[in-house]
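Take a look at the structure below.
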Amino acid sequence: MIPMRHAARVFVDCVLGPKPTSFSNGTSQSSLSLLPGGESSDSPSRMDRIVFGAVHKLRALAIAGLAAGLLEIGAAAQVQSVPGLVPVPTFSAFATYTSSQPNSGSGTNAQLYGPSVGAFYQTSHVIGFEVRATATRYGGFNHQDLALGGARIVLHHRRFAPYGAFLFGAAHARYPEPPLPSGKIPQFVGIGPAWQMVGGADYNLQHHFRIRVGEFSYSNIYLSTRTLSPWSFGTGLVFRIH
């Protein structure tokens, strides 16, 4: 790359014409003061002095203008490149329809259904933060409700945004215990700590709306009588608030 000062000198020489090479002690040697025979004059004329001063000033102005133009172009290019290189942090909410296999180890163990709602904050990097609540208590005797939060990561490929999350929190569960000798079937209802791994992908429809194409999760719920390990699948919508 040509240094800026060399580019400025070439610009001035080409646009403003030949410049004086020396001017001191009343003597001038310049292509502007050459006589018709190719011989230089012994002393500068008044016109030579005027031309020399004008060229000197124009040269300084041209260099300053060229430098300012290059700085302005560089600043504009930098501003235009930032939005594409550094994604803007976003805040979004989502709602999904979730189908869960309770894996309680007792009862009918039928599929459960219910909503999952939540929100996430995505930073300008791949990492973000998410909170969600799930209530799968329809379709069978078992109930499993979770309230979780944690870290998430996301990647972007055209309109698709695959993501993953690792969440911690608490869960409420209900399931039947083995029958007693009397034939009565007791039920257990309790609250315990829980964690969940989530993976899925969103499809960007427009600036504010995405379709949650699919989401799979695996959880562990720690209760006093047993540990549950439900898994679930869901699909839904994502709305970008900011």
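Any value given below was found using the heavy atoms of this structure, including those in side chains, with hydrogens, waters and symmetry copies removed.
- Taking a 6.0 Å sphere around OH of Tyr138, one finds it holds 12 or fewer heavy atoms contributed by other residues, nucleotides or ligands.
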**Request:** Please report the C-alpha distance between Phe129 and Phe120 in whole Å, then the side-chain angles of each, then the deciding distance to 0.1 Å, and finally whether the ring-ring contact (aromatic ring centres under 6.0 Å, His included) criterion is met.
**Result:** CA-CA 6 Å; Phe129 305 94; Phe120 60 87; over 10 Å; no

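- A heavy-atom distance below 4.5 Å is found between the side chains of Ile211 and Leu237.
- The shortest distance between side-chain heavy atoms of Arg210 and Arg240 does not fall below 4.5 Å.
- Both Phe166 and Tyr218 sit in one connected hydrophobic cluster of ILVMFWY residues. Membership requires side-chain heavy atoms under 4.5 Å apart, directly or through other members.
- Contact between Val238 and Ser92 at its shortest, heavy atoms only, is CG1-CB, 4.0 Å.
- Atom CD in Glu130 sits 9.5 Å away from atom CD in Gln122 (nearest 0.5 Å).
- Taking 4.5 Å as the limit, every side-chain heavy atom of Phe216 sits out of range of all side-chain heavy atoms of Met197.
- In this structure, Ala119 and Phe94 approach most closely via the heavy-atom pair N-CE2, 3.5 Å.
- For the 3.5 Å distance criterion, the side chains of Ser232 and Ser100 fail to qualify, holding no donor opposite an acceptor.
- Not one N or O on the side chain of His156 forms a donor-acceptor pair closer than 3.5 Å with the backbone of Ala161.
- The CG atom of Leu155 sits 14.0 Å away from the CZ atom of Phe160 when rounded to the nearest 0.5 Å.
- Shown here are the side-chain contact (heavy atoms from CB on, under 4.5 Å) partners of Ser219, two or more places apart in sequence or in another chain: Leu146, Gln196, Pro230.
- Note that CG of Leu112 and CG of Asn142 are 5.5 Å apart. Values are rounded to the nearest 0.5 Å.
- Taking 4.5 Å as the limit, every side-chain heavy atom of Thr96 sits out of range of all side-chain heavy atoms of Arg132.
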**Message:** Could you go through Glu177 and Lys184, starting from their C-alpha distance and side-chain angles, then the distance that decides it, and tell me whether this counts as salt bridge (charged side-chain N to carboxylate O under 4.0 Å, His left out)?
**Reply:** CA-CA 10 Å; Glu177 294 282 13; Lys184 182 180 180 180; over 6 Å; no

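- Summarising the local packing, CG of Leu205 is surrounded by more than 12 heavy atoms from other residues, nucleotides or ligands at distances under 6.0 Å.
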**Phe188 and Tyr175: CA distance, side-chain angles, deciding distance, ring-ring contact (aromatic ring centres under 6.0 Å, His included) verdict** = CA-CA 6 Å; Phe188 175 86; Tyr175 54 86; 5.2 Å; yes

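- Heavy atoms only, all atoms of each residue included: Gly150 and Leu167 are closest at N-CD2, 3.4 Å.
- Among all heavy-atom pairs drawn from Asn220 and Ser229, the shortest one is OD1-CB, 3.5 Å.
- Residues Pro176 and Ile185 approach most closely at CB-CG2, 4.0 Å, considering heavy atoms.
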**Request:** Under the side-chain contact (heavy atoms from CB on, under 4.5 Å) rule, what do Phe233 and Gln101 come out as? Steps first, then yes or no, please.
**Result:** CA-CA 9 Å; Phe233 177 82; Gln101 176 65 46; over 6 Å; no

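- Here the CZ-CG distance, from Phe209 to Asp202, works out to 13.5 Å after rounding to the nearest 0.5 Å.
- The main-chain N or O of Pro102 is found under 3.5 Å from a side-chain atom of Gln144 such that the two form a donor-acceptor pair.
- A side-chain donor-acceptor contact under 3.5 Å links Thr98 and Ser116.
- The side-chain contact (heavy atoms from CB on, under 4.5 Å) check on His172 picks up Arg137, Asp145, Val189, Ile191, with sequence neighbours excluded.
- Taking each heavy atom of Ala93 and Ile241 in turn, the nearest pair found is CB-CD1, 4.1 Å.
- Aromatic ring pairs are classed by plane angle as parallel below 30°, tilted from 30° to 60° and perpendicular above 60°; the pair Tyr113 and Tyr97 is parallel.
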